[in-house]
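I have placed the structure first, in the form of structure tokens, so that the comments after it can refer back to it.
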Amino acid sequence: NAGVTQTPKFQVLKTGQSMTLQCAQDMNHEYMSWYRQDPGMGLRLIHYSVGAGITDQGEVPNGYNVSRSTTEDFPLRLLSAAPSQTSVYFCASSYSSADRSTEAFFGQGTRLTVV
Amino acid sequence: AQSVTQLDSQVPVFEEAPVELRCNYSSSVSVYLFWYVQYPNQGLQLLLKYLSGSTLVESINGFEAEFNKSQTSFHLRKPSVHISDTAEYFCAVSDGDSSYKLIFGSGTRLLVRP
């Protein structure tokens with residue numbers, strides 16, 4: 001099993017450009033989330049999905065769009081990149097089970113720089 | 001809304017010394033608690049978790065954490081650290097069965113010196 005796979009690992013964008021960060025998981029998890037990590041701030045939730053076709057906003061959703069057409073994929077779109085979106089982005093997946101074990105599995109991250 | 005506080009941004013310690021990384025969370029009726037570790041240029045890996053039952057939870061590499069409901073704390077401890085424990089440690093909390101919505105602390109960088 002590959003787990004959670006994020007592409008690309010590194011990206012440099014110019015202000016105003018758009019791009020999509022890819023996230024795929026092969027664990028058949030219902031839940032997927034996107035976080036951004038900034039120095040001294042830990043990880044903050046951008047968007048999440050509790051199943052195919054269902055998405056919702058997290059703490060810092062502005063400037064980002066998501067969709068969930070399949071269980072496996074959860075891409076994050078930057079519509080018009082801004083320097084404030086320079087960050088490390090992590091995708092995570094998790095599941096709900098009878099014993100309510102709620103561990104989240106993380107990808108390796110995408111380091112994005114907006115110049 | 002839930003919040004998580006990690007008071008120490010960096011903890012330097014000598015190899016084989018004990019260490020405690022502090023984590024406090026805001027009160028909630030039902031809460032699950034996690035410690036994640038992030039090695040340089042890598043993603044987050046689960047270190048240990050508290051869901052219910054025994055308040056003392058252990059990891060396979062010698063770390064342990066104790067859930068203290070009255071003090072709303074979930075401090076991470078290790079009696080003897082190794083150089084390889086150098087990493088950033090994040091405490092996280094979720095409300096009930098909302099693993100897609102973790103609230104993270106700001107992280108503590110553990111720096112183990114020889």
Side-chain angles (χ1 to χ4, degrees), chain A residues 2-7 9-10 23 25 27 29-51 54-61 66 68 71 74 88-111, chain B residues 1-10 21-26 28-54 57 59-60 65 87-109:
Chain A
V4 180
T5 302
Q6 290 183 237
T7 55
K9 287 187 170 53
F10 303 94
C23 176
Q25 54 96 2
M27 297 174 282
H29 288 171
E30 310 106 287
Y31 305 150
M32 295 186 77
S33 308
W34 275 103
Y35 295 85
R36 60 177 288 172
Q37 182 182 21
D38 301 294
M41 302 187 73
L43 279 77
R44 293 179 292 167
L45 183 65
I46 305 172
H47 285 285
Y48 64 92
S49 168
V50 297
I54 306 169
T55 64
D56 206 346
Q57 297 180 352
E59 181 185 354
V60 289
V66 292
R68 184 101 180 268
T71 299
F74 190 45
V88 182
Y89 291 85
F90 288 100
C91 179
S93 73
S94 56
Y95 57 93
S96 174
S97 66
D99 64 359
R100 305 176 73 78
S101 183
T102 56
E103 173 185 351
F105 295 80
F106 285 82
Q108 293 297 296
T110 295
R111 186 174 295 274
Chain B
Q2 277 283 1
S3 65
V4 177
T5 302
Q6 292 181 250
L7 289 172
D8 305 305
S9 59
Q10 183 165 300
L21 307 183
R22 296 179 290 169
C23 172
N24 288 88
Y25 64 95
S26 56
S28 178
V29 174
S30 174
V31 64
Y32 297 151
L33 294 156
F34 307 85
W35 276 101
Y36 282 87
V37 59
Q38 183 181 33
Y39 298 102
N41 299 314
Q42 293 190 26
L44 279 74
Q45 304 171 31
L46 181 71
L47 191 59
L48 46 76
K49 61 186 177 185
Y50 171 79
L51 304 178
S52 64
S54 173
V57 290
S59 72
I60 58 173
E88 187 143 22
Y89 293 79
F90 292 95
C91 182
V93 63
S94 68
D95 280 328
D97 187 21
S98 57
S99 54
Y100 46 85
K101 229 169 149 178
L102 293 173
I103 306 298
F104 284 87
S106 55
T108 297
R109 185 171 301 277

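Naming: A, B, ... by sequence-line order, numbering from 1 per chain.
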Checking D38(A) now: which residues fulfil side chain to side chain donor-acceptor pair (under 3.5 Å) with it, not counting sequence neighbours?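 Partners of D38(A) under the side chain to side chain donor-acceptor pair (under 3.5 Å) test: R36(A), R44(A), S87(A).
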
For chain A, find which of Q45(B), E88(B), K101(B) contributes the most heavy-atom pairs closer than 4.5 angstrom. K101(B)

Any residue meeting salt bridge (charged side-chain N to carboxylate O under 4.0 Å, His left out) with R111(A), in chain and number order, not counting sequence neighbours: none

Does any backbone or side-chain atom of Q38(B) lie under 4.5 Å from a heavy atom of chain A? Answer side chain, backbone, both or neither. side chain

Between the side chain of W34(A) and the main-chain N/O of G58(A), is any donor-acceptor distance below 3.5 Å?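 Pair absent, no side-chain N/O of W34(A) close to backbone of G58(A).
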
Side-chain heavy atoms of R22(B) within contact of Q6(B), under 4.5 Å: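 No, too far: nothing below the 4.5 Å cut-off.
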
Return the minimal non-hydrogen interatomic distance between G43(B) and F90(A), and the atom names on each side.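 Shortest heavy-atom contact: CA-CE2, 3.5 Å.
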
With a 4.5 angstrom heavy-atom cut-off, could you sort out which part of [X] is near chain B: side chain, backbone, both or neither?
X	result
L43(A)	both
V50(A)	side chain
A92(A)	neither

Output the option from H29(A), Q37(A), M41(A) having the highest count of non-hydrogen pairs under 4.5 Å with chain B. Q37(A)

